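Each chain gets a letter, A, B and so on, in the order the sequences are listed, and its residues count up from 1. Remember, it's a predicted structure, so these values are computed and weren't measured experimentally.
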Number of protein chains: 2
Amino acid sequence: MGSIFQQDMDEYLPLRDVVFKTLRQGILTGELKPGERLMEIHLANKLGVSRTPIREAIRKLELEGLVTMIPRRGAEVAQITEKSMKDVLEVRKVLDNLSVELACERITEEEKEQLQNACMDFEDAVKTGDFSMIAKTDVAFHDIIVAATRNIRLSQMVNNLAEQMYRYRFEYIKDSTQHNRLVQEHKEICDGIISGDKEKALAAIEAHIDNQEIAVLNQIRIDREKRA
Amino acid sequence: MGSIFQQDMDEYLPLRDVVFKTLRQGILTGELKPGERLMEIHLANKLGVSRTPIREAIRKLELEGLVTMIPRRGAEVAQITEKSMKDVLEVRKVLDNLSVELACERITEEEKEQLQNACMDFEDAVKTGDFSMIAKTDVAFHDIIVAATRNIRLSQMVNNLAEQMYRYRFEYIKDSTQHNRLVQEHKEICDGIISGDKEKALAAIEAHIDNQEIAVLNQIRIDREKRA
DNA sequence: TTAATGTATATTGTATACAAAAAGCAATTT
DNA sequence: AAATTGCTTTTTGTATACAATATACATTAA
C-alpha cells in the first residue's frame with residue numbers, strides 16, 4: 001500500500017529546484033547563450049511561475065558559476081573564455097585523478113558490474129550514433145566512478161566542473177572521428193578500476209581529460225573566429 | 001573628484017549578500033550551531049529585513065554546503081560529522097597541493113613581498129596571542145597563496161573547503177601549544193614558494209594540512225563525547 | 001552632427017500577502 | 001497509559017505589490 005502517495009512525495013520538488021534544473025539545462029545545451037540576459041519577468045512568464053522561484057534558482061546558478069550577476073542589472077549567462085576553461089581543466093585534472101584513485105580503492109563488486117555495463121552501454125550508444133544517447137551513457141559511466149569514491153563532496157565538485165564543459169560537449173560528441181578513441185579510453189579506465197590497477201586507470205583518465213581539453217579549447221577558438 | 005560617489009557605489013551590496021555574509025559568519029563562528037533551524041521570519045526580524053533576502057541568502061548557503069534544506073520544513077545549519085570532515089580534507093589535500101604548486105610557478109615579485117609580510121604578520125599575531133588577530137593573519141597568508149595561482153575557480157574552491165574547517169578553527173587556534181609549530185610551518189611554506197622550491201613548499205603544506213586534520217578530527221571526537 | 005538632458009519605460013530589489021503544508025497540542029478513544 | 005483524531009499555530013512556498021535604479025529614447029543646445 002501507499003505506493004502512489006510515496007511516489008507523489010518523492011516527486012515533490014519546490015518550484016525553485018524545477019526552475020534551477022530547467023535553467024541549468026538550458027545553459028548547458030546552449031539554448032541560453034553566453035552573455036544572454038536572464039530577465040525575471042520574462043522567464044517567469046515563460047515557465048508559468050512567479051518571480052520568486054526564478055530569483056532563488058538564479059542565486060544557486062550564481063554560486064555554480066553558470067550565471068554572472070551584475071548588481072541592479074540582473075543575471076546573465078556566464079561567458080566561457082579560454083582562460084575560464086583552462087582554469088576549470090587545471091582543477092579537473094587533479095580531482096579526476098583523485099576520483100579514479102579513490103574509486104580503485106573503494107569500489108564494490110556490485111559497482112564493478114555496473115561500471116562494466118555502463119562501459120558497454122556507451123559502446124553501444126556510439127555504435128548507434130545517437131548523440132543524446134552517447135551523452136547520456138557517458139555521464140552515467142562517469143557517475144558510477146565518482147559515486148565509488150564514497151566522497152559526496154568530491155562527487156559534487158567533479159560534477160560541477162564536468163558540467164562547465166558540457167556546454168561544449170555536443171560539438172565534441174558530434175565529431176565521430178573521435179568515437180573509437182573515446183570508447184577505447186573508457187574501456188581502459190574501466191579495466192584499470194576493476195582490476196585495481198591504479199596506474200593504468202590514472203594514465204587512462206589523464207589521456208581522456210587531455211583529449212577533452214584539446215577538443216574544448218579548439219572549439220572555443222573556432223567559436224571566436226566565427227564571431228570575428 | 002567623485003570619490004564619495006565612487007565609494008558609495010563600491011559599498012552597495014544587495015541585502016541578500018549582506019545576509020549571506022552575516023549568516024555564513026554566524027555559522028563559521030559557531031554562533032549558529034549545527035542542527036539549529038534557520039527560520040525565515042525570525043531571521044528577518046532579527047536582521048531587520050524581509051523574508052526575501054533571507055531566502056535568497058539561504059539558497060546560496062545551501063550550495064556552499066553550510067546549510068541543509070528539508071523540503072517544506074526549511075533550512076538548518078549543516079551538521080559536521082567526522083565523515084563529512086574527512087571528505088573535505090581528502091579533497092583539500094590535493095587542491096592545496098595544486099595551489100602551492102601553481103603559486104610556485106606563477107607568483108610575482110610583488111606577491112612574494114606580500115607573502116613575506118603576511119608571514120611576519122602572522123608571527124607577530126601569534127606573539128601577541130590575540131586569537132582573532134591570529135585567525136585574520138592566517139587567512140590573509142593563505143589568501144595570498146591562492147591568489148598567486150592565477151586560477152579564480154581554484155581559489156573559490158579552496159576557500160570554500162577551508163571555510164568548512166573554520167568552524168573548528170577557534171578551538172585549534174586557542175591551543176597555544178601548537179602556535180610555534182604553526183609559525184614554523186608557515187615559514188617553510190613561505191620560503192618554499194618564494195625560492196621556487198616546489199618540493200619544500202609541498203612537503204610543508206602537506207604537513208600543515210595533516211596537522212589540521214588531526215586537530216579537527218580530535219575536536220570532533222571531543223564534541224561528540226561532550227554530547228554523550 | 002554630437003553631446004547633454006530630461007522623461008518614459010523596463011528591470012531589479014525589497015516587502016508583503018496569501019495558500020499549503022507541517023508541527024504541536026489537547027481532547028477523545030481504546 | 002498509549003494511540004488517534006481534529007484543531008490551532010507556525011512555518012514554508014509562491015505570488016504579487018511597491019520602491020529604487022538603470023536603460024532607452026527623444027528632445028534640445030552647442
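- B/D17 places its CG atom 12 Å from the C1' atom of C/dG13, with the value rounded to the nearest Å.
- Aromatic ring pairs are classed by plane angle as parallel below 30°, tilted from 30° to 60° and perpendicular above 60°; the pair A/H186 and A/F141 is parallel.
- Note: B/K21 NZ to B/L13 CG = 5.0 Å, rounded to the nearest 0.5 Å.
- Between atom CD of residue B/Q25 and atom CD1 of residue B/I27 there is a gap of 10.5 Å, rounded to the nearest 0.5 Å.
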A correct 5'-to-3' footprint of nucleotides 10-19 of chain D, with B, S and - meaning base, sugar-phosphate only and no protein heavy atom under 4.0 Å, is -SBBBBBB--

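- For the atom pair B/I189 CD1 and B/H208 NE2, the distance stands at 5.0 Å (nearest 0.5 Å).
- In this structure, the side-chain contact (heavy atoms from CB on, under 4.5 Å) partners of B/E31, at least two apart in sequence or on a different chain, are B/T29.
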